[in-house]
Amino acid sequence: MINLEIIPFMIVSLIMIVSSILVVKAKDVVHCAFACVVSMLSVAGFYVLLNAQFMAVVQILVYVGGIGVMILFAVMLTGRGQGVE
Amino acid sequence: MVIYDDIMYWLVLIFAESHPYSDWIRGILGGLVIGAVFGGALVMVYLERKFLGDIQSRIGPNRVGGRYGVLQLIADAIKLFTKEDIIPANADKWLFIGAPIVALTSGFLMVAVLPFDYLLINGSYYAVNVTRMDISILYLEAVSGLAVFAIFMAGWGSGSKYSMLGGFRNIAKMIGYEIPLGVSIISVAIMAQSLDIVEIVEAQDFLWNIMIHPLAFIVFGICLVADVGRIPFDQTESEEEIIAGWATEYSGMRWGLAFFAEYLHAVVGSFMVALIFLGGWNGLPIVGNLYIPGIFWLIIKTIMVIMFFIWTRGALPRYRIDQVVDLGWKCLLPLSLLCLVWSTIIGLVFG
């Protein structure tokens with residue numbers, strides 16, 4: 001009998017690995033920023049799986065709502081197409 | 001109201017932790033609540049069209065479904081569903097498709113912690129909600145922040161100048177407004193000494209928070225209007241300047257879903273105002289419940305807040321984008337810090 005918690009854990013890990021690879025590998029810098037946001041959100045998923053709801057919510061509040069928006073703000077100020085070549 | 005009590009008694013017996021199927025039935029209730037709030041958003045769209053018509057001396061929808069046009073929305077939805085699904089050639093496909101999904105996800109996640117009533121059964125209290133969380137108010141704040149990404153995705157992904165301007169304006173606006181929103185919520189949480197919405201409402205059974213703490217109500221209300229992007233603060237889609245802002249390139253059901261997500265956000269925001277500041281399911285202050293079930297009080301208050309939103313849309317002009325950012329940083333942020341001081345004083349004196 002395997003522990004059923006392994007299923008959501010594997011889903012969240014898969015999302016996190018794929019999005020983290022995308023952060024480095026994506027062609028468009030905006031895609032990188034959004035992949036970064038998704039990977040931060042999946043960290044919140046890990047916290048929920050560890051029964052640390054407060055940490056999960058603070059992770060969303062600070063990393064996704066604060067730092068993610070700051071990253072997008074920076075991207076928006078640098079202009080489109082940079083880093084594509 | 002015997003029937004209401006019976007239904008609630010039955011529901012709560014199921015929700016009590018000991019019941020073997022409580023998880024499943026909670027899930028079903030979650031679906032029902034999402035459906036109910038979905039319906040609430042539909043009602044809000046209809047009310048908005050009707051009352052805006054009244055405010056502007058028009059009739060509003062009056063053809064489909066009798067004199068009052070109650071079926072107009074269904075006709076509109078059918079029209080949107082049958083329209084061609086266009087993705088612009090210049091668009092960033094993934095962001096363009098993902099934006100309405102993220103917007104709706106944010107709205108539905110917010111619904112999960114809204115409490116609707118609080119019942120005394122067999123000597124213990126049970127809150128009628130999908131998920132009882134002891135940090136529900138932080139959760140609401142965190143999840144509502146995801147909607148910013150949806151609008152930025154739509155703005156950037158559309159590949160058009162107007163959409164991009166809308167998305168940029170949204171980010172510039174929201175950075176200024178999330179902070180006072182959060183601080184005014186936290187100041188209320190300090191007074192109730194809890195981050196749980198259920199306990200915050202419970203603390204208002206004698207006096208509502210709007211009476212003890214009117215400043216936080218004003219700050220929260222203004223920030224909420226900016227958060228859901230309604231008219232004094234809807235620079236992200238101001239039609240005289242940037243066509244429709246981030247929604248310019250959307251058509252058909254994608255447009256419908258994106259706008260529906262906005263209305264969902266507005267309905268959940270109205271619920272938040274009613275719960276946090278207007279006493280939630282408590283009846284009138286001092287007088288009490290007057291034998292009306294709490295859920296009806298909550299719905300009446302929510303509808304009043306929604307009507308207020310509609311009224312501001314009909315009555316107020318739109319701010320310029322730099323004025324909005326100024327208002328957020330130079331006016332609302334200091335006021336919200338003042339709220340924090342005031343609630344700390346109240347907490348020290350009466351807490």
Side-chain angles (χ1 to χ4, degrees), chain A residues 4-5 8 12 15 18-19 21-23 25-84, chain B residues 90-96 98-99 102 105-106 109-110 112-113 131-161 164-179 181-182 185-186 195-196 227:
Chain A
L4 279 180
E5 264 185 24
V12 174
I15 293 172
V18 170
S19 60
I21 291 174
L22 274 179
V23 173
K25 284 288 177 190
K27 288 278 189 293
D28 194 344
V29 71
V30 177
H31 288 185
C32 298
F34 278 112
C36 191
V37 169
V38 172
S39 106
M40 287 163 178
L41 267 176
S42 53
V43 174
F46 281 128
Y47 284 134
V48 171
L49 287 178
L50 292 170
N51 261 332
Q53 277 92 355
F54 182 74
M55 281 298 288
V57 168
V58 170
Q59 169 81 18
I60 296 178
L61 206 61
V62 173
Y63 279 86
V64 178
I67 293 179
V69 170
M70 281 317 280
I71 292 173
L72 283 181
F73 206 71
V75 168
M76 149 191 150
L77 292 177
T78 50
R80 191 170 206 178
Q82 289 195 358
V84 173
Chain B
N90 211 5
D92 190 326
K93 202 176 165 205
W94 289 104
L95 295 185
F96 189 82
V102 174
T105 309
S106 152
L109 281 176
M110 285 171 81
V113 292
T131 318
R132 180 80 192 267
M133 216 186 261
D134 51 356
I135 45 164
S136 46
I137 207 157
L138 271 186
Y139 170 85
L140 271 178
E141 215 185 313
V143 169
S144 82
L146 293 183
V148 181
F149 291 103
I151 292 181
F152 189 80
M153 281 164 88
W156 188 280
S158 297
S160 123
K161 294 281 186 294
M164 208 184 287
L165 276 175
F168 287 175
R169 283 183 175 198
N170 189 56
I171 289 240
K173 186 179 73 174
M174 287 328 295
I175 286 184
Y177 279 82
E178 289 274 328
I179 302 170
L181 188 80
I185 285 181
I186 293 301
L195 286 171
D196 188 352
D227 199 17

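In this text, all values refer to a predicted model and were calculated from it rather than measured experimentally. Chain A is the first sequence line, chain B the second, and so forth, proteins listed ahead of strands; every chain is numbered from 1.
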- Any ring-ring contact (aromatic ring centres under 6.0 Å, His included) involving residues 42-64 of chain A? Give me the pairs, sequence neighbours left out, ordered by first then second residue. A:Phe9-A:Phe46
- Query: Mind checking whether A:Phe34 and B:Phe149 have parallel, tilted or perpendicular rings, split at 30° and 60°?
  - Reply: perpendicular
- Find the distance between CD (B:Glu141) and CD1 (A:Ile60) and round it off to the nearest 0.5 Å. 12.0 Å
- Engaged part of B:Ile179 at the chain A interface, taking heavy atoms whose separation is under 4.5 Å: neither
- Note on the structure: Tightest non-hydrogen contact, residues A:Val57 and B:Ala142, listed as O-CB, 3.9 Å
- Query: Any idea which of B:Tyr139, B:Phe168, B:Trp94 has the most non-hydrogen atom pairs under 4.5 angstrom with chain A?
  - Reply: B:Phe168
- Query: Side chain, backbone, both or neither: which part of A:Val64 has a non-hydrogen atom closer than 4.5 Å to chain B?
  - Reply: both
- Chi angles and distances behind the side-chain contact (heavy atoms from CB on, under 4.5 Å) call for B:Phe152, A:Val75: CA-CA 11 Å; B:Phe152 189 80; A:Val75 168; 5.6 Å; no
- Message: If I take atom CD1 from residue B:Ile171 and atom CG from residue A:Leu72, how far apart are they, to the nearest 0.5 angstrom?
- Response: 5.0 Å
- Should A:Met70 and B:Ile175 count as side-chain neighbours, where that means a heavy-atom distance under 4.5 Å? yes
- Item | A:Val62, part contacting chain B, at a heavy-atom distance under 4.5 Å | neither
- Contact part of B:Met133 toward chain A, heavy-atom cut-off under 4.5 Å: side chain, backbone, both or neither? neither
- Task: Could you name each residue pair satisfying side chain to side chain donor-acceptor pair (under 3.5 Å) that touches residues 29-41 of chain A, not counting sequence neighbours?
- Result: A:His31-B:Asp92
- B:Ile135 and A:Gln53, any side-chain heavy atoms less than 4.5 Å apart: yes
